[in-house]
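Note sheet for the following structure.
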Amino acid sequence: MAMVMTASLSLPCRLAARSLPCRTMYRGMASGFLVNEPKYQFLKDLGIQEQNSGVFDGQWKGSGEVVTSFSPANGQPIASVVTGNLADYESCVVEAEKAWQMWADVPAPHRGEIVRQIGQELRENLEPLGKLVSLEMGKIVPEGVGEVQEYVDICDYAVGLSRMFSGKVIPSERPGHALLEQWNPLGVIGIITAFNFPVAVYGWNSALAMACGNTMIWKGAPTTPLTSVAITKCVAKVLEKNSLPGAISALCQGGTDVGQKMASDPRVKLVSFTGSTAVGKHVAQAVQERFGKHLLELGGNNSLIVAADADLEMVVRATVFACVGTAGQRCTTLRRLILHETVYDEVLEKLKKGYSSIMKRVGDPLDDGTLYGPLHSKVGVEGYLKTLEDAKKAGGKVEFGGNIIEGEGNYVEPTIISGLAHDAAVVHRETFAPIVYVLKCSSVEEGIAINNEVEQGLSSSIFTTDLGNVFKWLGPKGSDCGIVNVNIPTSGAEIGGAFGGEKSTGGGRESGSDAWKQYMRRSTCTINYTKELPLAQGIKFE
């Protein structure tokens, strides 16, 4: 697998034909892995080697397939990971159960202290971890660093939570009785994450779950295994320093068989799954079959309504970020832009100009100044092309983009499509790529109806200066999504609020607010502190 290094060579002028900047590309050195190139020294700083164990249950191991992680920016191999098989998964469960026996007895504030230390370890590795996310997933460095910062922030949140989550004391109707609620950890939980946020989603789950007293088994995305390994190394370092079992936070990188086993395993009390709606259905059915708990974060077909009174300069800035950020691969990416007919033409033209400026900032996501990177995989590129074909067949007009950017890596042009009916099949289908459909409405009420007609219900936004529109949008006949924004984009949620959606998005909630309750079980407790035995509702049984 030896390759010739061509570092610092610019792409041919095939990009110049589209007025695109040339991107610097790198080929592997003699070893074939980017981990050995000086440019990627941050990988070794994080403990990444040419071959890495992808299973951790207190010990690093792996008996499954050896997979290679590739950079989506240049198609070059980064490093390899020995994944886990079902025997490795079994070991993780057994060790996580053992670890729970002692972890559940640790007072919650003391668990919070461990989470605080994990946050500090992440802070100290913020930049190298962010660069790893950028290299392996494909998002630009500021977004990669920002994603790791989310994990840091939710650790801070969980530290406070460890001294605050509580039940209720409820008035009892019976003399000499106390009625209260008690919250306790579930036990072992499973966390299955997706490639687009390989750090933050795990952080949302693990920080809260750990503070609540659970132990975890993480199955990271198959195409971002190095990120999973690096994050687990940070967590394991803190656990070891505190003489705690490593299996409190286990890792089992693996294939579909591992995910299926986790979903059907009654020892795993909660399965948190982030991914497509189609796969999420199978996970939910498998978990429900055994009456387990599931937390689903699935698809989103997000829309932004622009009312006639909106600030259009704000609209354009927000829309460009929401559409092209992370190359359209956020679950909260804007897919449908619903414009009032009186501002339709103006916004469309300004949006095209905004996209043109973005095309001057296409490049290697690790490079300073890059705003737009590649799609994560060839599968994503194929989905982009298929959707373009379907949109054109349905009568759509490509207003901007619509092409692959030739050269190494999975680069495509961010695309704007007009001319389609709001209920066209291709519009109702989520495509994980930078494609936005520009639709027209005659009123806010019509815009709300268009927003709500898709099967997903994750994120939504309206731009308006009319308070009446704002409260209509927030009210019972407004947006039916889990995230309902006003005058901000559909993407970029804060950790303090619960994150999640309705309908086919799955109904799960992660991160802030009372999302912690999903990682615990609630008991209603009645305590009689007298010698009498009265029954509720005044029933006499004598």
Side-chain angles (χ1 to χ4, degrees), residues 6-27 34 37-43 69-76 78 126-150 195-200 224 226-227 317-330 333-334 353-377 380-381 384 400-401 403-415 432-436 489 491-492:
T6 57
S8 300
L9 294 182
S10 61
L11 279 175
C13 291
R14 52 195 168 190
L15 292 184
R18 293 199 184 109
S19 300
L20 301 179
C22 291
R23 290 186 269 116
T24 301
M25 290 297 166
Y26 296 82
R27 292 188 181 277
L34 297 182
E37 288 197 28
K39 177 181 179 180
Y40 307 105
Q41 176 61 38
F42 60 86
L43 295 172
S69 178
F70 292 88
S71 166
N74 54 34
Q76 302 306 314
I78 305 169
L126 192 66
E127 187 168 334
L129 285 170
K131 287 182 176 179
L132 171 56
V133 172
S134 179
L135 176 65
E136 190 172 39
M137 185 274 152
K139 62 181 64 176
I140 61 175
V141 170
E143 287 188 275
V145 171
E147 182 177 345
V148 181
Q149 184 65 47
E150 275 197 70
F195 73 84
N196 61 328
F197 278 86
V199 174
T224 54
L226 299 175
T227 301
R317 294 203 312 271
T319 299
V320 170
F321 171 72
C323 291
V324 308
T326 324
Q329 297 167 108
R330 292 182 176 225
T333 290
L334 178 57
K353 289 180 181 178
Y355 270 49
S356 295
S357 68
I358 292 295
M359 295 308 295
K360 299 173 185 176
R361 308 281 293 276
V362 177
D364 185 329
L366 281 170
D367 290 348
D368 292 340
T370 299
L371 282 183
Y372 182 81
L375 291 180
H376 179 63
S377 68
V381 176
Y384 170 86
F400 189 96
N403 300 293
I404 290 178
I405 300 175
E406 298 298 335
E408 292 182 331
N410 307 321
Y411 289 81
V412 301
E413 295 175 343
T415 300
F432 226 58
I435 298 174
V436 64
S491 54

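Hydrogens, waters and symmetry mates play no part in the numbers below; they use all other heavy atoms, side chains included. Residue numbers run from 1 in the order of the sequence given.
Residues passing the side-chain contact (heavy atoms from CB on, under 4.5 Å) test with T370, sequence neighbours excluded: I140, D367. Partners of F321 under the ring-ring contact (aromatic ring centres under 6.0 Å, His included) rule, at least two apart in sequence or in another chain, do not exist in this structure. Residues satisfying the side chain to side chain donor-acceptor pair (under 3.5 Å) test with Q329, not counting sequence neighbours, are none. Q41 pairs by the side-chain contact (heavy atoms from CB on, under 4.5 Å) definition with K44, D45, not counting sequence neighbours. In this view, T415 and Y384 satisfy the side chain to side chain donor-acceptor pair (under 3.5 Å) rule, not counting sequence neighbours. Every side-chain contact (heavy atoms from CB on, under 4.5 Å) that V145 has, sequence neighbours left out, goes to L126, V141. Not counting sequence neighbours, S134 has no partner by the side chain to side chain donor-acceptor pair (under 3.5 Å) test. Listed by chain and number, the residues in a salt bridge (Lys or Arg N to Asp or Glu O under 4.0 Å) with E143 are R330 (sequence neighbours excluded). Among residues two or more places apart in sequence or in another chain, the side-chain contact (heavy atoms from CB on, under 4.5 Å) test is passed with S71 by L34, A73, N74, I78, L135. Annotation: side chain to side chain donor-acceptor pair (under 3.5 Å) contacts of N196 (sequence neighbours excluded): none.
Relative ring orientation between H376 and F195 is described as parallel, the plane-to-plane angle staying below 30° on a 0-90° scale split at 30° and 60°.
Note that OG of S377 is 10.5 Å distant from CZ of F432, once rounded to the nearest 0.5 Å. Here the CG-NZ distance, from L371 to K360, works out to 12.5 Å after rounding to the nearest 0.5 Å.
Two residues are said to be in side-chain contact when any heavy atoms from C-beta on lie closer than 4.5 Å; Y355 and E413 fail this criterion. No side-chain heavy atom of V199 sits less than 4.5 Å from a side-chain heavy atom of L129. For the pair E147 and T326, the minimum side-chain heavy-atom distance is 4.5 Å or more.
A pairwise comparison of heavy atoms in Y411 and I404 identifies O-CG2, 3.6 Å as the closest pair. Considering every non-hydrogen atom in both G138 and P374, the closest pair reads O-CD, 3.3 Å. For V133 against P198, the heavy-atom pair with the smallest separation is CG1-CG, 4.2 Å. Contact detail for P128 and F42: the closest heavy-atom pair is O-CD1, 3.7 Å. Between P434 and L375, the shortest heavy-atom distance links the atoms CD-CD2, 3.7 Å. Here the shortest heavy-atom pairing between P72 and E136 reads CD-O, 3.4 Å.
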Where do N403 and V412 land on the side chain to side chain contact (heavy atoms under 4.5 Å, CB included) test, with the steps shown first?
-> CA-CA 6 Å; N403 300 293; V412 301; over 6 Å; no

Chi angles and distances behind the side chain to side chain contact (heavy atoms under 4.5 Å, CB included) call for V324, R361 | CA-CA 12 Å; V324 308; R361 308 281 293 276; over 6 Å; no

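Because its NZ or CZ atom is not both nearer than 6.0 Å to the ring centre of Y40 and within 45° of the ring axis, K131 does not count as a cation-pi partner of that residue.
Considering P489, C323, S491 as possible partners of L334, the one that fulfils the side chain to side chain contact (heavy atoms under 4.5 Å, CB included) test is C323.
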